[in-house]
Amino acid sequence: HPGDGDAYFKAAVLLDEKLGEKEKASEYFRDALYLEDLNPRYHFRYARFLLDAFQKEKKASKHFKRAVELDGRFAEAHLELARLYAGELEKPEKAVKHYALARAINPVLRDEALDGWLQSNPSGEKAATRQQAIRLPGQTDPSAAVLVFVTGATSGIGRATARVLAERGCRLILAARRTDRLEALAQELKTEHGSDILTLHLDVRNQRAVDEAVAALPEAWREVDVLVNNAGLAKGLSPIDQGEIEHWDTMIDTNVKGLLYVTRAVAPGMVARKRGHIVNISSTAAKEVYPKGNVYCATKFAVDALNRGMRMDLCPHHIRVTAISPGHTEHTEFALVRFDQDAEKARIYEDFVPLQAEDVAEAVWFALSRPPHVNINEIVLSGTQQASATVIHRSGRGVF
């Protein structure tokens, strides 16, 4: 079929490996890439062919680079680039960077010669862990650090997400209400990772404050690439006839209106630039209602609907939208807030192993780090011992 890139690719491989017809294989590889330019595997295989058949190092490097642009975690492509830079292309800094990346992604990959290079430059491996691996649709400079705006950044999933993104070399705008915690987190990430961070003392429930904060961002911080709408909470656990109106208002104002206010302030810039990614931290409470969870579940059902609506509205502008919906998650303040700081009532995780905040942060990173043509619409995750909101195998914490 003339439009089937995979057919051209398979024909090229057969012509190369079985028939030895290098020129014809080269023609078919080019046809495959013309039809399937977004396939990193095709670029990788064509680059290997160019090296083996024609010793074309510079042209091969172009396609290896294209492979890692499309998939930042393509370890084999990083390794081949490292070998080229260490050899014919004579670019030691780039060789160290790509070899360290290959090893960080897949420790099984080894090259004795490059091991020596890495040992002679110990900063290379640390730099690699901070190497930018997010590629956004429309991003023209793949080496530029992505700017991420995280709400509710001082605890739980927000804090864990900030740490994961700092480790990967992102620039961060961290927003939260508690200034002391905010500054302490910023200093921690700057010290540990050399992160570039801007802090915002912000309550997402206050529309005017949100608008003013975003409008007043310094010039170097205005082009937000990624928004993580993390700020959210649960208040109370009561049947609908006994619910406290104040609790309802707090949940609706934070989980729904706050998410809307921040999105409305940040999204127009993404639309103007034709690039961006919005990640909405939701919950398995967006998928099923449980007893006494009435209004909290309603707010998360709203987040689910908003996530789908945003995806439709922003799709024409090449903006990705993702919902991350975790079940019970530890290392957060969720239970304490729900039970008004009653530590005894908040002891709900003692007889099973829930998710950790870090698990959810890694799910955020997975969605962000996909190739530009991939949108992760939603990730729903829970601990192995949690099958639903009300089905939890409380068999103890020593299982795993």
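Just so it is clear, the values below take in all heavy atoms, side chains as well, and ignore hydrogens, waters and symmetry mates. If you're wondering where the values come from, they're calculated on a predicted model, not measured in any experiment.
Using a 30° and 60° split on the angle between ring planes, Phe49 and Phe29 fall in the tilted class, from 30° to 60°. Between His63 and His43, the angle of the ring planes stays under 30°, which puts this pair in the parallel group of the 30/60° scheme.
Listed by first then second residue, pairs satisfying side chain to side chain donor-acceptor pair (under 3.5 Å) with a partner in residues 51-60 read Arg48-Asp52, not counting sequence neighbours.
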*Going through the distances and angles, do Tyr296 and His247 end up as a side chain to side chain contact (heavy atoms under 4.5 Å, CB included)?*
CA-CA 9 Å; Tyr296 174 68; His247 287 170; over 6 Å; no

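Between Phe64 and His98, a ring centre-to-centre spacing not shorter than 6.0 Å is recorded. Ring centers of Tyr28 and Phe9: at least 6.0 Å apart, outside the cut-off.
Looking at Glu69 and Arg66, a side-chain N of the basic residue comes within less than 4.0 Å of a carboxylate O on the acidic one, giving a salt bridge. The pair Glu36-Arg45 does not meet the salt-bridge criterion, since no charged nitrogen lies less than 4.0 angstrom from a carboxylate oxygen. Salt-bridge annotation for Arg275 and Glu223: present, with a side-chain N of the basic residue lying under 4.0 Å from a carboxylate O of the acidic one. A salt bridge is absent between Glu76 and Arg83; no separation between the charged side-chain nitrogens and carboxylate oxygens falls under 4.0 Å. Checked for salt-bridge contact, Glu188 and Arg163 meet the test: a charged N lies under 4.0 Å from a carboxylate O. A salt bridge is absent between Arg205 and Asp253; no separation between the charged side-chain nitrogens and carboxylate oxygens falls under 4.0 Å. Taking 4.0 Å as the cut-off between side-chain N and carboxylate O, Asp304 and Lys300 do not count as a salt-bridged pair. Under a 4.0 Å N-O distance rule, the pair Arg397/Asp351 does not qualify as a salt bridge.
Of the inter-residue distances, the one linking Ile281 atom CD1 with Ile324 atom CD1 reads 5.5 Å to the nearest 0.5 angstrom.
Residues meeting the salt bridge (Lys or Arg N to Asp or Glu O under 4.0 Å) test with Lys65, sequence neighbours left out: none.
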